[in-house]
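Worksheet: the structure to be examined is printed underneath.
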Amino acid sequence: MKDTERLRRITQTLALIAVNPYFVYFASRLTYQGGLKGVCVPGLNCYACPLTVFSCPIGSLQHSFTLLSPRVKGSVSRAFASFFYVLGSVGLVGAAVGRMPCGWLCPFGFLQDLLYKIPTPKLRLPAWTRWGRYGFLVFLVALVPFLTATSWFSRLCPAGALEGAVPLKLVPPALPLPPSGWFLWLKMAILAFFLLWFVLSSRPFCRSVCPLGAMLGPCNRFSLYRMAVDERSCTSCGRCREVCPVGIDITEDPDSADCLRCLRCRKACPSGALRAGFKIS
Amino acid sequence: MRVKAWRGKKSSVSWLVLALCALAVGISFIWEGPRTVYVHAVIICLDCIGLI
């Protein structure tokens, strides 16, 4: 299992650097303004982060709904254009590899993996919490921004607090920002809550909150990259379930929308009953 | 080997979804979808950093 885990750590680290390489900010105090900012990454990485050169798919999708809002006039074509663009971009990744970016690329997932390593008593999440991420996607990313023309998921998002608010407070940009008020402290409290939760539970944000996971998860059912179980080899030892970061039994449903495709189960399987790839024979 | 996964139409569904998503991205270019995302992303999102 160590080989897969080492490879995954390397991939996650490289993805973190690839998405946030703009160290020029520390000298110029100006955020990146180049064309890559129009490209959505398949991971939760805040576009308010001063180091990032890409766009957050959830922030962009939410912005489409605010543009579509009856409160915003004359922006319907732009709203649909960005909606199709973001949905198409996420769908391309999902149809190819399903939820694999959650397990191998997402910086926020990486943070959760690291914090869960801190030795403390651990909390198991009930299975019903998985429905939370669909709720956040429908209500906070789509419905509420549409009705209020305000990006409420971004306002509450702990990734924005960690990757955007904290660095920008520590190293302020050249152009002055508005003064901070009580809302910043609410955001910091939400971040503190989630950081504590990351220590206690395995991948709680991915399982219960992440709207991007809610979009990519169902793609596991039909993606080109797939997992399969050889029922004749499987001894039902339960080792795969023990090592699964999201607590699923892959032998029950290899195409589960919860599966992050991290492949820990495949490596842990003593009988080699789990297969993964674009072609399974 | 007997595998516990839906195999039959799976690849065709994947390719169909890939094609539809590529079409959606292509169509979005007509109305400047990437440009809309870009214009929103290059400004520092005050909602994201809690300065409202």
Side-chain angles (χ1 to χ4, degrees), chain A residues 31 33 35 37-40 46-48 55-56 59-60 63 67 77-78 80-82 84-89 91-92 94-96 150-151 154-155 157 160-161 164-165 168 173 177-181 183-184 186-188 219 221-224 226-232 251 254-255 275 280, chain B:
Chain A
T31 54
Q33 305 284 301
K37 268 273 170 93
V39 178
C40 296
C46 186
Y47 47 23
S55 188
C56 169
S60 304
H63 181 59
L67 290 176
S77 64
R78 280 189 297 135
F80 275 111
S82 67
F84 280 124
Y85 177 63
V86 177
L87 212 61
S89 306
L92 279 173
T150 303
S151 302
S154 292
R155 285 193 170 183
C157 180
L168 286 172
L177 292 171
S180 53
F183 201 85
L184 180 68
L186 171 68
K187 209 166 161 72
M188 289 301 152
C219 298
R221 300 243 169 253
F222 55 79
S223 63
L224 288 174
R226 63 191 67 163
M227 290 195 73
V229 183
D230 179 359
E231 286 181 317
R232 279 185 287 188
T251 62
D255 299 327
R275 308 284 170 88
I280 298 171
Chain B
M1 186 179 81
R2 198 155 57 98
V3 288
K4 194 175 186 177
W6 177 47
R7 294 292 306 282
K9 291 179 181 171
K10 201 166 183 177
S11 288
S12 51
V13 174
S14 326
W15 288 113
L16 180 68
V17 175
L18 275 170
L20 286 174
C21 290
L23 186 68
V25 172
I27 288 173
S28 77
F29 272 83
I30 299 171
W31 291 284
E32 299 192 323
R35 176 82 190 157
T36 307
V37 168
Y38 169 83
V39 167
H40 179 62
V42 288
I43 52 160
I44 293 175
C45 167
L46 297 182
D47 287 317
C48 300
I49 60 175
L51 301 183
I52 56 167

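Note on naming: letters A, B, ... go to the chains in the order of the sequence lines (proteins, then strands), and numbering restarts at 1 for each one. Being a predicted model, the structure only gives us computed values, none of them experimental.
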Please classify the contact between L186(A) and chain B as side chain, backbone, both or neither, with a heavy-atom cut-off of under 4.5 Å. neither
So, the part of L92(A) with a heavy atom under 4.5 Å from chain B: the answer is both
Please determine, among G94(A), S55(A), A165(A), the option with the most heavy-atom pairs under 4.5 Å with chain B. A165(A)
Gap between atom [atom2] of [Y] and atom [atom1] of [X] - 0.5 Å precision:
X       : Y       : atom1 : atom2 : value
H40(B)  : S151(A) : NE2   : OG    : 5.5 Å
T36(B)  : R78(A)  : OG1   : CZ    : 6.0 Å
I27(B)  : F80(A)  : CD1   : CZ    : 12.5 Å
R35(B)  : S82(A)  : CZ    : OG    : 13.5 Å
I52(B)  : S154(A) : CD1   : OG    : 11.0 Å
S180(A) : I49(B)  : OG    : CD1   : 9.5 Å

Checking L46(B) against chain A: side chain, backbone, both or neither under 4.5 Å from a heavy atom? side chain
Closest non-hydrogen atom pair between V17(B) and A95(A), with its separation: CG1-CB, 3.8 Å
Non-hydrogen side-chain atoms of [X] and [Y] separated by less than 4.5 Å:
X       : Y      : result
F222(A) : L16(B) : no
C40(A)  : V37(B) : yes
V42(B)  : T31(A) : no
L87(A)  : C21(B) : no

Can you tell me if K187(A) uses its side chain to pair, donor with acceptor, with the backbone of C48(B) under 3.5 Å? yes
Taking Y38(B) for its side chain and Q33(A) for its backbone only, find out whether a donor-acceptor pair lies under 3.5 Å. yes
I'd like to know if the side chain of R226(A) pairs up with that of S11(B) as donor and acceptor (distance under 3.5 Å, no hydrogens or angles considered). yes
Kindly indicate, with the supporting measurements, whether the criterion side chain to side chain contact (heavy atoms under 4.5 Å, CB included) is fulfilled by I44(B) and Y47(A). CA-CA 8 Å; I44(B) 293 175; Y47(A) 47 23; over 6 Å; no
In terms of relative ring orientation, are F29(B) and Y85(A) parallel, tilted or perpendicular, with 30° and 60° separating the classes? perpendicular
